[in-house]
Each structure stands twice: as structure tokens, then as C-alpha cells.
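I have placed the structure first, in the form of C-alpha cells, so that the comments after it can refer back to it.
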Amino acid sequence: MKKRIFENGIYYVLVGDYYVPELSLPNETRSIGRWGRLHREYLRMTNPCVFNDLILTGKLWTYLADLNEQAENRLSLIIQQMKEREGITEQLKEKNQMAWVGAMNSIRNRAEEIVKYGMIYSPVGGGM
């Protein structure tokens, strides 16, 4: 039986003559995806204190996976709204594929910029 104590909000385990923190990572299986990787790098470069705090508390992966899901959902919603507003339909796709592809590429690029600067390149908690 390991000797274990709880102090300062952390469990410590006796290893030899020393007590060491008993650290465990959360069971996170979701991918952080493209948006999570972008935000992770942004945090690492612009806000290393928050970045290190998230790493040391074991919350970084969960935070980035949540952010990735939110960004993907927001991107889909923005693309759908822009398609409706600009009248990009399946009929246009059938009539003039090149015009449809050009319009969809434009919409996707604009939507990605909105997500990047609204969620990814903003301080922690910003834009959410």
C-alpha cells in the first residue's frame, strides 16, 4: 500500500524517502484538430503563462478539443448562412459548376477568416 497524503489540493505519494505529486492526465480521446493546433501555437507564442498553466493542470488537451469542436460548428454555420444570403444553390451547381466552385471557395475563405480572428487568434475565453 502506497503512503498517500493530500496537501495544497494535490495528492502526494511516498516514493523512497520523498513525497512526489501524483499527477494524472485526463482521459481525452478527441483530436485537437486544425483549430486546436492553431490556437495552441498562438497561446504558446503570445500568452505563455496561460499556456503553461493549462499544461500543468492537465487541461490543455480538453480545452483545445472543445475549441476545435466549437470552431468547426461555427465555421459550418457561417458557411451555411453565407450560402443562403448570397443565393448559392444546387441549381447554380448544376448550371454552372465553375461559378459555384468559385463562390464556395470565396465563402469558405471568408468564413475561415472570421473563425480565425474571432476564436483562434483571441485571448483565452475571447469570442466564445
### Message
Around atom CD of Gln97, are there more than 12 heavy atoms from other residues, nucleotides or ligands closer than 6.0 Å?
### Response
no
### Any Ile120 side-chain heavy atom under 4.5 Å of Leu67 side chain
yes
### Message
Checking side-chain hydrogen bond (donor to acceptor under 3.5 Å, both in side chains) between Trp35 and each of Glu112, Glu72, Gln70, which is the one that passes?
### Response
Glu72
### Task
For residues Arg108 and Leu75, report the shortest heavy-atom separation together with the two atoms involved.
NH2-CD2, 3.7 Å
### Task
Working to the nearest 0.5 Å, report the span between CZ of Arg74 and CD1 of Ile114.
10.0 Å
### Task
Please report the shortest heavy-atom distance between Asn68 and Gly36, naming the atom on each side.
OD1-N, 3.8 Å
### Query
Going by heavy atoms in the side chains, are Leu60 and Phe51 under 4.5 Å from each other?
yes
### Query
Out of curiosity, Gln81 CD to Ser76 OG, how far, rounded to the nearest 0.5 Å?
11.0 Å
### Residue of the set Val15, Val13, Ile5 for which side-chain contact (heavy atoms from CB on, under 4.5 Å) holds with Glu22
Val13
#### Entry: Exam field: side chain Asn47 to backbone Leu43, donor-acceptor pair closer than 3.5 Å
no
### Message
Contact between Met104 and Ile79 at the side-chain level, heavy atoms closer than 4.5 Å - yes or no?
### Response
yes
### From CG (Leu14) to NZ (Lys3), nearest 0.5 Å
6.5 Å
### Query
Quick one: SG on Cys49 to CG on Leu54, what's the gap to the nearest 0.5 Å?
11.5 Å
#### Entry: Short side-chain to backbone donor-acceptor contact, Asn96 and Leu92, under 3.5 Å
no
### Message
Quick test of your reading: applying ring-ring contact (aromatic ring centres under 6.0 Å, His included), list the pairs with at least one residue in residues 4-25, sequence neighbours left out, ordered by first then second residue.
### Response
Phe6-Tyr11
### Task
Using a strict cut-off of less than 4.0 Å between a Lys/Arg side-chain nitrogen and an Asp/Glu carboxylate oxygen, indicate whether Asp53 and Lys59 qualify as a salt bridge.
no
### Rounded distance (nearest 0.5 Å) linking atom CD1 of Ile55 with atom CZ of Arg40
9.0 Å
### Query
Does a salt bridge link Glu113 with Arg110, judged by any charged N lying under 4.0 Å from a carboxylate O?
no
## Note on the structure
Distance col, row Gln91:CD vs Lys95:NZ, nearest 0.5 angstrom, shows 8.0 Å
### Message
Under a 3.5 Å threshold, yes or no: a donor from one side chain and an acceptor from the other, between Tyr121 and His39?
### Response
no
### Message
Ignoring hydrogens, what is the shortest heavy-atom contact between Ala65 and Ile32? Give both atom names and the distance.
### Response
N-CG2, 4.0 Å
